[in-house]
Protein chains: 2
Amino acid sequence: MADSFLPPSPLFLREAEVRRGIELLYFGYSSLIKRADDKLAGTPYGRAHHRALYFMARQPGLTVSELLRLLDITKQSLGRVLTDLQDNGLVEQKVGERDRRQRRLFLTEAGKTFEHELFDLLRRRMAEAYAEAGQQAVGGFWSVLRGLLPTDLREAVADLQQGD
Amino acid sequence: MADSFLPPSPLFLREAEVRRGIELLYFGYSSLIKRADDKLAGTPYGRAHHRALYFMARQPGLTVSELLRLLDITKQSLGRVLTDLQDNGLVEQKVGERDRRQRRLFLTEAGKTFEHELFDLLRRRMAEAYAEAGQQAVGGFWSVLRGLLPTDLREAVADLQQGD
DNA sequence: AAAAAAGAGTCAGCCATATTGACGCATCTT
DNA sequence: AAGATGCGTCAATATGGCTGACTCTTTTTT
C-alpha cells in the first residue's frame, strides 16, 4: 500500500528524500485548504479573508499589527480584507484599553459561525490524516515542521492561544 | 526548549491539536519557500515559474497535460509561464515519439542550473529540519502529509521520478 | 473512411491578492 | 515639546490565477 513512501533511510539528506518532503508539503497543504477554498468560492470572500478570520478566531483581541506580523503582508493588503469583513459584520474592533492607539480585533457571532464552518472542513481532513498516521507520526509531523520555522516564528506560533 | 510543542495527547483530535497542525503546516510551507522567493525576486520569474521548473527537473520529459494536472492550474496560466521559460532558453520541448500530439518538456542546461540553485535553498532548510527532528520524525512527517492527499494525488506523487 | 476525441496553443478580458511609497491623524513615550 | 508608534488611506502596479471560445494536429473510435 505505501511502498512508494518508504521510511527515510539513514542517508536521509539525499536529494530524493528532500524532494519527497517538498512535494508532500506542497500537495498536503494544497489538499488541506482545497475544501475551504471551494466553500469560499460561493461567498464574496477569498483565501486572504479566511486567513484573517482564522487568526482572529485563534487569538481574539489581537491587534492589527500582530495580525500583520502573522500574515506577513502589508498594511494595505490587510486593510482591504478587514474593511470587507467589518462592513459585512463578521469582525469588529475595540480600542485598546492599555494603549488606545491599538485596535483589537474580534469576530462577531456571525464571524465566529462562518469561521467555524470553514475550520470544520480543515478539521475533518486533518483529523483523518492524524488518525490514519497515528499519534507518534503526528509528533514527527510537528517536529519537522517546527524545524522549518525561523526562531522568531517558532515563538510567535507557540504563543498563539485558542479563543472561545 | 520545546515545551510549547508538546507531543500529541491520546485525545489528539481535539481542536487545539488540529489548529496547531494547520498553523505549522502553513508557516512551515511559507518559511520553506521564502528563500526561493527572495532569489526569484531578483529575476524575471516568480513562484509560478519555479513550480513549473521544479516538476520539469523532477520528471524530465513530462507532457504539458501531466504538468497541468500536477500544478492544478489552467492551460492559459501555464502557457504564459512556459512561454517565458522557453523564450529565455530554460526549457525546451520535444514532440512525443509514441504520440506526436504530445509536447514533452525538458530543462536545458541553463534551466537545470537555475532550478538547482533554487532547489539548493530549499534543500538546505529541509535538510536542517530533517536532521534536527530525526529520522523517525521524518517518517511521521511524511505519513501525516500523505494522509492529507486524496487517493489520486497519492498515486501521482508516488509516481514522480527523479531525473538526472 | 469518416467522425469523434484528445493534446496543445492562443485570443480577449477579468479578478484576487499582493506590492511600494507617501501622507495624515491620534496617541504614547522620551 | 519632540519623536516614535499604531492605524488608515491614497494612487499606481505586478503576479498569477480564472472563463470561454476557437484553431490545428493527431489519435482513437465507430
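Predicted model only: the values in this text are computed from it and were never measured. The chains referred to below are lettered A, B, ... by the order of the sequence lines, with proteins before strands, and numbering in each begins at 1.
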Next on the checklist: Base contacts versus sugar-phosphate-only contacts with protein, heavy atoms under 4.0 Å: please encode nucleotides 4-13 of chain D as B, S and - from 5' to 3'.
Outcome noted: -BSBBBB---

Checklist entry - With ring centroids as reference points, do Tyr45(A) and Phe114(A) lie under 6.0 angstrom apart? => result yes

Checklist entry - If you measure from the Lys or Arg side-chain nitrogens to the Asp or Glu carboxylate oxygens, is any gap between Glu117(B) and Arg35(B) under 4.0 Å? => result no

Checklist entry - Would Leu121(B) and Phe119(B) show up in the same hydrophobic cluster when neighbours are defined by side-chain heavy atoms closer than 4.5 Å? => result no

Checklist outcome for this item: Within residues 44-56 of chain B, those residues having any heavy atom closer than 4.0 Å to DNA chain C are none

Item to check | Working for side chain to side chain contact (heavy atoms under 4.5 Å, CB included), residues Asp84(B) and Leu90(B) | outcome: CA-CA 9 Å; Asp84(B) 292 343; Leu90(B) 300 186; over 6 Å; no

Checklist entry - Does Phe106(B) belong to the same Ile/Leu/Val/Met/Phe/Trp/Tyr cluster as Leu68(B), with side-chain heavy atoms less than 4.5 Å apart forming each link? => result no

Checklist outcome for this item: Contacted region of DNA chain C by chain A, from 5' end to 3' end of the hits, cut-off under 4.0 Å to heavy atoms, spans dT17(C) to dC28(C)

Next on the checklist: So, taking the atom named CD in Glu15(B) and the one named CD1 in Ile22(B), what distance separates them when rounded to the nearest 0.5 Å?
Outcome noted: 8.5 Å

Next on the checklist: I'd like to know if Glu23(A) pairs up with Arg20(A) as an ion pair, taking the criterion as any Lys NZ or Arg NE/NH1/NH2 lying under 4.0 Å from an Asp or Glu carboxylate oxygen.
Outcome noted: yes

Checklist entry - Can any side-chain N or O of Asp99(A) pair as donor or acceptor with the backbone N or O of Arg101(A) at less than 3.5 Å? => result yes

Item to check | Parallel, tilted or perpendicular: ring planes of Phe141(B) versus Tyr130(B), cut at 30 and 60 degrees | outcome: perpendicular

Checklist entry - Nearest nucleotide by nearest heavy atom, which residue falls closer to the 5' end of DNA chain C, Val81(A) or Arg98(A)? => result Val81(A)

Next on the checklist: Quick check with a 6.0 Å cut-off and a 45 degree axis cone: is Arg19(A) positioned over the face of Tyr54(B)'s six-membered ring?
Outcome noted: yes

